[in-house]
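Values below: all heavy atoms of this structure, side chains included; hydrogens, waters and symmetry mates excluded. Numbering starts at 1 and runs along the sequence shown.
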Amino acid sequence: MSGPSPFATWWATYALATGIVSVGLDSAGYEVLSRITLGLACAAWLVAVAGLAQRRHGAWRAETPAALTTVAATAVLGTGFSAAGRQPLAEALLALAMLLWAVLLTAEAQGRRGTVFLRCVATEGLAVLGATLAAADSAAWLAHAALVLFWLGLALYCFALFRFQPRQVEEGRGDHWLAAGALAVSSMAGAKLLSADSSRLYLWNEENFSALRTTTVTLLVLALIACVALLLAELFWPRHHYDVRRWATVFAAVVTAAATLAVATALDVAWLDAAGEVLLWIAVAAWLGCTAWALASARAGARRSRVRSRARR
């Protein structure tokens, strides 16, 4: 994801991708690994928030991609804390994310790259957290509010799709994968809404449940198709240089796996759960690979800076 502040953008995208890794690992039953990655995501989130807080008020509009990514990361962290049983902290993160989202939602979208999907990602991230807390706290009003966010997120996706430049599939540097990631997080939100329904919380009648289930499954299928299409595009038009926007690719891969696991749980489909776990470990490998790539790129950049510094002497 691009933006005028690479520092804030890197930490925000890392927090988002790592937070989703934590949520996916928790869904698959790997609690210890989930807590470790949640800690890493929290550390990155704090750095990102500190970087954005140092910006002047007038500069926030220019920081919209990084700020919206931070909103999505805040919602993802809340989902992770809710899974860990820390409901008050998750509720506080939901309130903070909602406040930032309300401020940034009307900010002007920049360019025609993958960042145009960030409004959808942030909105659906809030829907995921809202539905998760609704199930944990038995709060029907929160589930219905999350449902509104779910449909709003889909509307924002359609709006972004019209703005998105198709040539980004060939020329993009990683953030074009948000076209798939936004579909996946939308499917995950739908799955969480389905799972929130229970005998204690009668949320959806048969007609509403059927419509939500059909939409959720359709979104997951579209996300999987989009991931395959974008992966093929990477083979045709390889990008060999590291870019901070590659974390959007990692996010798309991990959230697709997490969405598959969430849909499997909501609909009680065993084979889909197995497929989701396979996708999760592939995505974790991508997360580890991108981390190593980022560290190698940082070391190479530091060496070049030292060489230039010596040359000036």
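Contacts of R239 classified as salt bridge (charged side-chain N to carboxylate O under 4.0 Å, His left out), with partners at least two apart in sequence or in another chain: E234. Under the side-chain hydrogen bond (donor to acceptor under 3.5 Å, both in side chains) criterion, Q168 pairs with Q165, sequence neighbours left out. W293 pairs by the ring-ring contact (aromatic ring centres under 6.0 Å, His included) definition with Y242, not counting sequence neighbours. Under the side-chain contact (heavy atoms from CB on, under 4.5 Å) criterion, V221 pairs with V217, I225, sequence neighbours left out. Partners of Y157 according to the ring-ring contact (aromatic ring centres under 6.0 Å, His included) rule, which considers only residues two or more places apart in sequence or in another chain, are F117. For the side-chain hydrogen bond (donor to acceptor under 3.5 Å, both in side chains) test, residues two or more places apart in sequence or in another chain that qualify with R167 are E171.
For the side chain to side chain donor-acceptor pair (under 3.5 Å) condition, the pairs that include at least one residue of residues 208-226, sequence neighbours left out, are N205-N208. A side chain to side chain donor-acceptor pair (under 3.5 Å) check over residues 263-289, counting only residues at least two apart or in different chains, returns the pairs T18-W287, Y30-E277. Residue pairs satisfying the side chain to side chain donor-acceptor pair (under 3.5 Å) criterion with at least one member in residues 76-85, sequence neighbours excluded, are listed as follows: S82-Q87. Residues in residues 120-136 take part in these side chain to side chain donor-acceptor pair (under 3.5 Å) pairs, two or more places apart or across chains: W101-T123, E124-S186.
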Output a table of donor-acceptor pairs, distance under 3.5 Å, between side-chain atoms of residues 31-52 and any protein atom two or more places apart or on a different chain; print 'none' if there are none.
from: S34; atom 1: OG; to: S22; atom 2: O; distance (Å): 2.7
from: S34; atom 1: OG; to: S22; atom 2: OG; distance (Å): 3.1
from: R35; atom 1: NH1; to: D26; atom 2: OD1; distance (Å): 3.3
from: R35; atom 1: NH2; to: D26; atom 2: OD1; distance (Å): 3.4
from: T37; atom 1: OG1; to: L33; atom 2: O; distance (Å): 3.0
from: T37; atom 1: OG1; to: S34; atom 2: O; distance (Å): 3.0
from: W45; atom 1: NE1; to: T74; atom 2: OG1; distance (Å): 2.7

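Other cluster members for L232: V228, L235, joined by side-chain heavy-atom distances under 4.5 Å among Ile, Leu, Val, Met, Phe, Trp and Tyr.
Side-chain contact between V76 and L129: absent, with no pair of heavy atoms (C-beta onward) separated by less than 4.5 Å. Residues V121 and L68 fail the side-chain proximity criterion, which asks for heavy atoms closer than 4.5 Å.
Crowding of E170 atom CD: a count of heavy atoms from other residues, nucleotides or ligands under 6.0 Å exceeding 12.
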